[in-house]
Amino acid sequence: AAVLRRFEAGDKRVLLLSTDHSASGSDLRSATHIVFVDVPMGAAAAARAQQHQATGRALRLQIHDSVVHVQHFVVQGTVEAEQHERINLL
């Protein structure tokens, strides 16, 4: 909680969170970029919901003219790439 407060206060510029452990319960109002480096595994619908929830932590309380950039890093030819495709085809 203290780390999130420091991030929101502007004391920290980068905050690394796992989508598996931090997708819920934290609002990141000052985030301007979200970079996913892992793909949620499991059923495609549940994995997609987990990604949307993680993204929503930054989007839900943003001022309407704020922009939040969302990027996904996925290595081609991997299980994660196949899962990423399943998630985004729903």
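Starting from 1, each residue takes its place in the sequence as its number. Quick caveat, the model's predicted, so the values are computed rather than measured.
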Inset, instruction - Tell me, please, which residues at least two apart from His52 pass ring-ring contact (aromatic ring centres under 6.0 Å, His included). - result: none
Inset, instruction - Supply the atom-to-atom distance Glu85 CD to Gln76 CD, rounded to the nearest 0.5 angstrom. - result: 9.0 Å
Legend entry - Heavy-atom pair with the smallest gap, counting every atom of His84 and Val39: N-CG1, 3.9 Å
Legend entry - Heavy-atom check, side chain of Arg86 versus side chain of Arg48, under 4.5 Å: no
Legend entry - Nearest-0.5 Å distance that lies between atom CD1 in Ile87 and atom CE in Met41: 8.0 Å
Legend entry - Phe36 vs Gln51 side-chain heavy atoms within contact, under 4.5 Å: yes
Inset, instruction - Identify the two heavy atoms, one from Ala47 and one from Pro40, that lie closest to each other, and give their separation to 0.1 Å. - result: CB-O, 3.4 Å
Legend entry - Side chains of Thr55 and Gln53 in contact at under 4.5 Å (non-hydrogen atoms): no
Inset, instruction - Answer yes or no: is there a donor N or O on one side and an acceptor on the other, between the side chain of Gln83 and the main chain of Gly42, under 3.5 Å? - result: yes
Inset, instruction - Decide yes or no for Thr32 and Val68: does some side-chain heavy atom of the first lie under 4.5 Å from some side-chain heavy atom of the second? - result: no
Legend entry - Pairing residues for Ala81 by the side-chain contact (heavy atoms from CB on, under 4.5 Å) criterion, not counting sequence neighbours: Val74, Thr78
Inset, instruction - Answer whether the closest heavy-atom distance between the side chains of His69 and Ile34 falls below 4.5 Å. - result: no
Inset, instruction - Among Ile, Leu, Val, Met, Phe, Trp and Tyr joined by side-chain contacts under 4.5 Å, find the other residues sharing a cluster with Phe73 and list them by chain and number. - result: Val35, Val37
